[in-house]
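Beneath this line is the structure, given in structure tokens, with notes to follow.
So that the names make sense, note that chain A is the first sequence line, chain B the second, and so on, each numbered from 1.
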4 protein chains.
Amino acid sequence: MTEAGAVPRRRGAARSETARRAILKAASSLFATRGYDHLTIEGIAAEAGVAKQTIYRWWPSKGSVVAEALLEGELLPGHFEVPATGDVRADLTAWLEDLSRFVDDPGNAPFIRSLVTAAAENADIGARLDEALGGSELTTRVEDAVASGEIWARTPVQEVVDALVGAVVTRALRRVPATPDTAERFVHLLLR
Amino acid sequence: MTEAGAVPRRRGAARSETARRAILKAASSLFATRGYDHLTIEGIAAEAGVAKQTIYRWWPSKGSVVAEALLEGELLPGHFEVPATGDVRADLTAWLEDLSRFVDDPGNAPFIRSLVTAAAENADIGARLDEALGGSELTTRVEDAVASGEIWARTPVQEVVDALVGAVVTRALRRVPATPDTAERFVHLLLR
Amino acid sequence: MTEAGAVPRRRGAARSETARRAILKAASSLFATRGYDHLTIEGIAAEAGVAKQTIYRWWPSKGSVVAEALLEGELLPGHFEVPATGDVRADLTAWLEDLSRFVDDPGNAPFIRSLVTAAAENADIGARLDEALGGSELTTRVEDAVASGEIWARTPVQEVVDALVGAVVTRALRRVPATPDTAERFVHLLLR
Amino acid sequence: MTEAGAVPRRRGAARSETARRAILKAASSLFATRGYDHLTIEGIAAEAGVAKQTIYRWWPSKGSVVAEALLEGELLPGHFEVPATGDVRADLTAWLEDLSRFVDDPGNAPFIRSLVTAAAENADIGARLDEALGGSELTTRVEDAVASGEIWARTPVQEVVDALVGAVVTRALRRVPATPDTAERFVHLLLR
DNA sequence: ATTTAACCGAGACGGTACGTCGCGTCTTCAA
DNA sequence: TTGAAGACGCGACGTACCGTCTCGGTTAAAT
């Protein structure tokens, strides 16, 4: 007798987890090196030691490969955590300075713009864009500050987060670098 | 003999304004129809009845063609003016609602995302992204409100504009549609 | 104890005759429909409702599948018998006219050329090419005529047959159709 | 004023004769080395230092490339001339022995079968198959013998040639090697 | 009765080649 | 000198089959 809820497992060889991991790893590595629009399925396949068809079998486009790599944390691992020192304004300022420093670095600018390009063309990536930039941590941090009474109870959390992440993005697209007080000004604008 | 003060005009035929216009028009039309990344130089040349070389002679990339089309107003003609009724909060809310309505329309969403893609890869387009969305008018409007004493004198104008435009962009990338009160919430968040 | 002379039959399930027949049938059908070089192992497997491995287990190549189909009479069933009326010249002429009619039919020409392609690449098929065209019956018929004294005793039988079958093949390859007297001219050339 | 009958020459760069020659040369070389069905468009392009598209622009299939190479004499250069000593039977015998020796050589057998494969799938190649094997020279030689009264005036020349070439082909397909007297027997069968 | 070897279906996998699209450069001819 | 036309080398696309390899399940001889 089979377990309740067990999937009957269709016949034939199972999907190779090895290949899947190699593809995501290769995609991340090439994305970081060459950028989203120089990223090719052929390149990923070659780097991963995998047949092109194996990619096409499981992903409809390069965008979806990148999206999954993003989800798995292969891209941007460990970047952009939001500190939680107890002073929410200081925490947000620190996060924003960290992110701005990253975005303004000429070596990273193409990377962040590639992320935006990828987001613009692929819904999955778009759906997680601010997550990759730390957006969901940011939301949690601000919600905690509201809950603890540190900031105004009716603070529109989502709008604050959108404004912060959005400002970073729109400035990146216009190649406007942050000045030393940019982060602080934004935070004081948004958290009264 | 040439006129005094005239540009010395080297020999041969002058640049064809007809061809230039046809190219920008074709680019705009194809951009609107097929989106930025299905836009091709070959396609533009064919649509415009022009040789590829004529495009390559005057523009370094498809991005720069689109940028010029944007400048000429071939794309987004007449959209997104910021009203000036005297009530700056109402004006910004109206502008934001207008823009959100446009962005949230399923028929326009690919267009706006294509603009973002184009901006991400081409500095000229990026430099004018918020302008195309009404950003520069917005700046003027907020500055006027500061000057007239309608709002706080030390309002960080650029940050407000970046936050508004950026929020629209980041929401578009995440496919998050506006709710009826979104515009008002943003405006009240930013202009206290 | 096993029967004397019986093959010691190793363990496990026996080869499925059902699968074998389905494969040959599918191969014949696809050969007739699409021609030898559009014939694929995957196509045969799909058509036969069989796994690819089942084909690879028993045949080394698609050529050998076709060769076996030819042997089983799945291809060219009942075609090209040589009549035996007693008049060998009339019999050969009739056979040659029949074959020429078949070969010259625009619907069959691809089929016969596919047979030649298959023969050229696969020794087994080549070895039975003239058999499929009636060659072995032809040999028998000419040998009988020699034995009965109807034609010259030292007639080089094999050469006559090769010349007849070969002429049909080389004309098919050059797309040269037979004229009404072609068959008769050949027979009178070869049997004096 | 232009020459009468001169083609007006449409605009744009002319077809590159260099590329055309390189392609035919590469095709011939690879055909001889690897055989017709291991011949690939990609392989030809790589060997010729040419883009695939340049091949596809001018030829519809690999068969037509080979056909043109055959026409240009890149394949089989100088093979299989029919001698003209005055003794037509001796000449035909010599030609047939020469050809048989070539065909029976294990190193050449794949080549000749490749020619047959190519002929079977491509009408142009088929139309010139016997020419490549010396067929047209053979026709001339036999016609001359008829004209000079050396052989019977009503000899059916085309049938004789078809029988000879066809016999070589059908034997090659069945992998039947010639014996020392094969050539002589054929010639005496056909030329009484 | 159990074990075990071989069969069979399904189908994933690393590959090769396909035929097409678009790139950016170059050459030809007409204006 | 510009501009339309278009050939060229190049790189990538997404697809079709190749032949090999698991996988889960079945069949039948050997233990």
Hey, are Glu121(B) and Tyr36(A) close enough side-chain-wise for a donor-acceptor pair under 3.5 Å? no
Between atom CG in Asp37(A) and atom C1' in dA12(F), what is the gap in whole Å? 14 Å
Taking Arg34(D) for the side chain and Ala32(D) for the main chain, is one N or O donor matched with an acceptor at less than 3.5 Å? no
Nearest whole Å is fine: how far is dA12(F) C1' from Leu30(A) CG? 14 Å
Separation of dC18(E) atom P from Ile55(D) atom CD1, nearest Å, is 9 Å
Expressed as a whole number of angstroms, how long is the span from Ile23(C):CD1 to dC7(E):P? 13 Å
Any chance you could list the contact pattern along nucleotides 5-11 of chain F? Use B for base contacts, S for sugar-phosphate-only contacts and - for none, protein heavy atoms under 4.0 Å, 5' to 3'. BBSBBB-
Can you tell me the distance, in whole Å, between the CD1 atom of Ile44(B) and the P atom of dG24(E)? 11 Å
Is NZ or CZ of Arg15(D) both nearer than 6.0 Å to the six-membered ring centre of Trp59(D) and within 45° of the ring axis? yes
In residues 41-49 of chain A, what donor-acceptor pairs under 3.5 Å come from side-chain atoms, sequence neighbours left out?
| unit_1 | atom_1 | unit_2 | atom_2 | d |
| --- | --- | --- | --- | --- |
| Glu42(A) | OE2 | Lys52(A) | NZ | 2.9 |

Just how far is it from atom CD1 of Ile55(C) to atom OG of Ser61(C), taken to the nearest 0.5 Å? 11.5 Å
Spacing of Arg21(B) atom CZ relative to dT2(F) atom C1', expressed in whole Å: 19 Å
With Glu72(D), which residues qualify under side-chain contact (heavy atoms from CB on, under 4.5 Å), at least two apart? Arg20(D), Leu24(D), Glu68(D), Glu74(D)
Tell me: CH2 of Trp59(B) to P of dT2(F), nearest whole Å? 14 Å
Glu47(C) CD to dG9(E) P: how many Å, rounded? 14 Å
Where each residue is assigned the nucleotide of DNA chain E containing its nearest heavy atom, which of His38(B) and Leu39(D) is assigned the position nearer the 5′ end? Leu39(D)
